[in-house]
Structure formats: C-alpha cells, structure tokens
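Below you will find the structure I want to go over with you.
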Amino acid sequence: MTDSWVNSAEILGSDLPLELSGTGNRRALLMDALREAVRGGRLAPGTRLPPYRSLAADLGLARNTVADAYAELVAEGWLAARQGSGTRVAERAVPVTPVHRPRTPERATRPVHDLVQGQPDPSVFPRTAWLASARRALAAAPDDAFGPGDPHGRPELRRALAGYLARVRGVRAAPERIVLCSGAAHGLRLLAEVVGGPWAAEEYGLPFHRALLASHGVGTRPLGVDADGARVDGLTRRDRAVLLTPAHQFPTGGPLHPGRRAAVVDWARATGGLVVEDDYDGEFRYDRQPVGAVQGLDPEHVVLLGSVSKSLSPTLRIGWMVLPQRLVGPVVTAKGEREQFSSATEQLTLADFVESGAYDRQVRRMRQRHRRRRDQLVAALERRAPHIRVTGIAAGLHAVLDLPPGTERSAVRAAAWQGLAVEGLADYLHPGSEGAGQADALRDGLVVGYATPAESAYPEALEALCRALPPG
C-alpha cells in the first residue's frame, strides 16, 4: 500500500481539460477525472490521494469543492476514507486492468461550452409556428405532393423563395431558375459535376467545401483575402468558377468591396466563368441593412447558394440554387429524375412558413439575438481583455478575434483546458495559400461562434474564453 500521496497530474492526466467556472461543473469534472483514473488503472487500489486542501491548492479550486467530491466518491465506493489514514482508492477483489485508449482527449468531443461557429441554438427553433405551417401545408397539399418528387423541387417553395429573395436579398430570379437541394454542400456537388474545374476560392474558407470539390475532381486555388474581401484581381481565364462569400467573408468577416463585386462580374462576362455566391448568412447584418446579393448584378453569370441551416436549423435539409438559365437543365439532370434529398412535406411547410411571414419574424428574432450576443462578446473583451480586437463587420453567427503573433495554438489549448470548444483561424486557411506552414506569415486569431450556447450558459462561456486569451 502506498504511503505517499499522488500528485494532481497523476490524477488528471496530461490532456484532460478542467472547467473552473461554476461550482457544480468543477466538482463534477473532478469526480469524472478521479473515476477515470481509477477505471483506467492510473490510480491503483490503495493509492493515497492528496489531502483535499493540497489538491484544492494545486487545481485552484475551493476546498469545499474537493472535499465534497471526495465525500461523494467515498459514498459511491470509488474511494475509502479512514481517520488518520487519509483518503485512498478503494480496495477491490479484482485489480483494475489498465485500459489503453487513443490519445484523443475524451472531453474534446464533449466540451462544457461550445463556441464553434455556424450552429444556431437549437432551443430557439420556432416549433409552434413551424407546426402551424405544417398543418396548413398538409391540408392544402395537392395529391402529387405525395408522389415521386420533381428534382426541381416543389413549385410552391420555389415561388415563395423567388419573392422572398427578391425582396430581402435583391435577387433577380423567376421560380423556374431555382432548383432546390439539401443544402450548400449538395449544391456545390452538383455544380462541380456540371461546371468542372479548376475553381478559385477565398484563401480563408470551409475546408469541408474544398474537400468536397476535390472529391469531385475539382481543384481549387486560393485568392488572397483582405479587409475588402477576396482579391478578385487574381482570377484568370483558366478558372472555370470562383467560390465567394461576398456578404460576409467566411470566416474573416469583411464584405466584398463594391468595386470588387463589379470586377468579379466583369471577369465572368469576359471569360465565361461562373461566380458561385455562398449566401450562408447574408440576412444577418446588425449595423445596417444587409448588402444585396452579387447575383442581382448579373443573373446569367452568378449562382446564388442558400439554405435555412443558420436561420432555422441544419436538420432541415433544404437549400436552394438560383441558377443562370443555361445551367438549370444540366443541374436537374445531374440531380436525377426524382427528388430524393429533401422531403416534399418539409418543402411545403417552408413555403407556407415564408408566405405567412413567419420566416421574416424568425429572421428578425435571430438577428436581434445574435446582435445582442455579439455585443456581449465585445463588452466582455473590453472589460477582461482590452488588447484583443474583434475584426470584421457586425454580422453573422461568429466573430474573429485577432491575437498577437504566435499565440493562436496556445490560446486554443488554453480554451480546451477551460472546457471550451473554439477554433483557430488557421483551421480555415487554404493549404495552397502563400505563407501556409510559415508561422511568421500567418494571421493569428480565434473564430468564435456566439449563436450556440443557451442564454443561461453564454456569460459563463465568455468568462472561460477570456481566461484562455493571451495576456496583453
């Protein structure tokens, strides 16, 4: 039996993040760490644990938090406590066999706080209004809505979207130009098949989109990004298409400058190229009215991609492509003879949701909520980390925090230690970008999604974020 006690590193291991904000969370995480150390064989039966005062000092916890954790684990049978002998791992009839697990931290998949970009809070889905639309839509649905689906998508939704997009995003399109899909990724797959490559893409963007295009034989090359958006002067005649996020560059946050919007349309006209406009959060601008879509400048050379994943829910697999006339037939052919991706009843429900005004109300509600969330983030940084700057326009579901050079990786690790899921800006950099792999040439930053946490959890998430930031 061991007489000296183990230290905190032996209890926690080297890769287990602890969230230190909130007594309940701290006690629960400490108990989980102790259970895992015993279960995995890191703490053998009979091992003496540190006095709760010592462990509390090592971890920066309140003494009562550690004492309560010890007491609960004694009651559960994991630990044993005897007067004058301290607290030890309980003896077992059969010794615990060490379990060898992958080195990926278990808690990396179950963060205490989630500030990963792109995901709205599921609790704010408008269930009552959606149910009302579903009832009306099903009651009024024609019989053919329950037969084999049209690959164009339901005409009711295409008409509703044509009116909505014209009114809100300045899109010029008849319903016949709209083809429904299951989201932006599905739309990109279809365009890759129809248009071919190579494409140009902003040097900062979703790796998933680049990988998706590559899986369909379409390579991408990076265009530089600055405060005015993508540097479209880098486009060439060899590029078949360019993938842009003009309303709110993802993830750096700037809009495409008016001069560059005109220039990219001129490039498409001169070369026969295609502008693929990912309008992923174009409705969510908080400091002014949203900028109209580039598609409105030239519907014959621009494809607009959109979906309801940010405004409603990513579980509603409904997106749309507003296409040049020449591409409608080839895209529908590539999609297949029958609609097999999006439910016709959900399309009918969304059509009613838009036509009834419920979609406008939901977008206004989410715009107010996200603006408040962003303001809270800015205020927390001004109070706790005034040397950290939020970049980009006030828009979308995320913000980028500029960090001092060379501190991004350490900040991401510190966030993980706080039980906080957040991503570094380098995660979004195109591997072919100039300076990729050279730390002194890269911009350091954190991509902070502020839409996901529940209202009650958001202040605590911001506190954890501020603790993870590098000092000024």
Side-chain angles (χ1 to χ4, degrees), residues 118-122 124-138 140-142 144-169 171 173 175-191 206 208-209 212 276-284 293 295 303-323 328 331-332 334-336 338-363 365-366 397 451:
Q119 302 175 21
D121 179 359
V124 298
F125 183 81
R127 303 183 190 200
T128 301
W130 184 260
L131 181 59
S133 285
R135 287 171 172 162
R136 289 193 297 267
L138 288 175
D144 67 356
F146 303 98
D150 183 344
H152 290 83
R154 289 301 306 175
E156 297 89 343
L157 180 54
R158 289 188 284 120
R159 287 194 296 269
L161 287 172
Y164 175 81
L165 294 172
R167 173 169 54 85
V168 174
R169 304 294 295 121
V171 169
E176 294 74 22
R177 298 277 193 101
I178 297 176
V179 174
L180 301 181
C181 53
S182 64
H186 184 206
L188 283 177
R189 289 190 185 97
L190 294 171
L191 291 172
L206 278 173
F208 170 67
H209 285 172
L212 185 153
V276 180
E277 179 178 13
D278 184 356
D279 201 39
Y280 76 102
D281 66 0
E283 297 153 313
F284 296 112
Q295 190 271 354
V303 173
L304 182 90
L305 292 177
S307 77
V308 295
S309 65
K310 305 297 184 292
S311 54
L312 289 174
S313 169
T315 62
L316 294 176
R317 304 308 304 158
I318 301 178
W320 51 84
M321 293 175 282
V322 184
L323 296 163
V328 173
V331 167
V332 170
K335 193 179 179 189
R338 296 185 177 185
E339 174 58 77
Q340 51 187 317
F341 300 98
S342 298
S343 163
T345 56
E346 287 189 343
Q347 290 181 31
L348 291 169
T349 300
L350 180 58
D352 181 273
F353 200 73
V354 173
E355 294 281 10
S356 68
Y359 189 71
D360 285 88
R361 290 191 293 273
Q362 174 68 5
V363 169
R365 178 189 178 197
M366 299 305 290
L397 281 68

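Each residue takes its place number in the sequence, starting with 1.
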>> Restricting to non-hydrogen atoms, name the atom on Trp320 and the atom on Cys181 that form the minimum distance, rounded to 0.1 Å.
In response: N-SG, 3.7 Å
> Under the criterion side chain to side chain contact (heavy atoms under 4.5 Å, CB included), which of Ile318, Leu180, Val322 is the partner of Leu161?
Replying inline: Leu180
> Taking all atoms of both residues into account, what is the closest heavy-atom pair of Ala145 and Ala344, and its distance?
Replying inline: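 Of all heavy-atom pairs spanning Ala145 and Ala344, the closest is O-CB, 3.6 Å.
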>> Closer than 4.0 angstrom, basic N to acidic O: yes or no for Arg136 and Asp352?
In response: yes
> Taking all atoms of both residues into account, what is the closest heavy-atom pair of Leu348 and Ala141, and its distance?
Replying inline: CD1-CB, 3.7 Å
> Any donor and acceptor pair, going by atom type alone, linking the side chain of Gln295 with main-chain N or O of Leu304 inside 3.5 Å?
Replying inline: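 The answer is no, because no donor-acceptor pair under 3.5 Å joins these two groups.
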> Between Ser182 and Ser342, is there a donor-acceptor pair closer than 3.5 Å when you use the side chain of the first and the backbone of the second?
Replying inline: no
> Nearest heavy-atom pair of Leu312 and Phe125: which atoms, and what distance?
Replying inline: O-CD1, 3.8 Å
>> According to salt bridge (Lys or Arg N to Asp or Glu O under 4.0 Å), who are the partners of Arg167, at least two apart in sequence or on a separate chain?
In response: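 Arg167 satisfies salt bridge (Lys or Arg N to Asp or Glu O under 4.0 Å) with Asp360 once adjacent residues are dropped.
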> Roughly how far, to the nearest 0.5 Å, is CZ of Arg361 from CZ of Phe353?
Replying inline: 7.5 Å
>> I need the minimum non-hydrogen distance between Glu283 and Arg169, along with the two atoms involved.
In response: CG-CD, 4.2 Å
> In a check of side chain to side chain contact (heavy atoms under 4.5 Å, CB included) between Pro120 and each of Pro314, Ser313, Ser309, which one passes?
Replying inline: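 It is Pro314, the one option of Pro314, Ser313, Ser309 that forms the side chain to side chain contact (heavy atoms under 4.5 Å, CB included) with Pro120.
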>> Can you give me the closest heavy-atom contact between Val363 and Phe284, atom names plus distance?
In response: O-CE2, 3.9 Å
> For Glu277, what residues pass the salt bridge (Lys or Arg N to Asp or Glu O under 4.0 Å) criterion, not counting sequence neighbours?
Replying inline: none
> Which distance, rounded to the nearest 0.5 Å, do you find between the CD of Gln347 and the CG of Leu316?
Replying inline: 11.5 Å
> Taking only residues two or more places apart in sequence or in another chain, which ones pass salt bridge (Lys or Arg N to Asp or Glu O under 4.0 Å) with Arg159?
Replying inline: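 For Arg159 there are no salt bridge (Lys or Arg N to Asp or Glu O under 4.0 Å) partners, ignoring immediate neighbours.
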> Would you find a donor on one side and an acceptor on the other, under 3.5 Å apart, between the side chain of Lys335 and the backbone of Pro151?
Replying inline: yes
> Does the side chain to side chain contact (heavy atoms under 4.5 Å, CB included) test come out yes or no for Val331 and Leu323, once each step is laid out?
Replying inline: CA-CA 9 Å; Val331 167; Leu323 296 163; 4.0 Å; yes
> Do Val328 and His152 come within less than 4.5 Å of each other through their side chains, counting heavy atoms only?
Replying inline: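 They are in side-chain contact.
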>> Can you tell me which residue among Leu350, Thr349, Leu138 is in a side chain to side chain contact (heavy atoms under 4.5 Å, CB included) with Ser133?
In response: Thr349
>> What verdict does the side chain to side chain contact (heavy atoms under 4.5 Å, CB included) test give for Thr345 and Phe146, after you've listed the backbone C-alpha separation in whole Å, the side-chain angles of each residue and the deciding distance to 0.1 Å?
In response: CA-CA 8 Å; Thr345 56; Phe146 303 98; 4.1 Å; yes
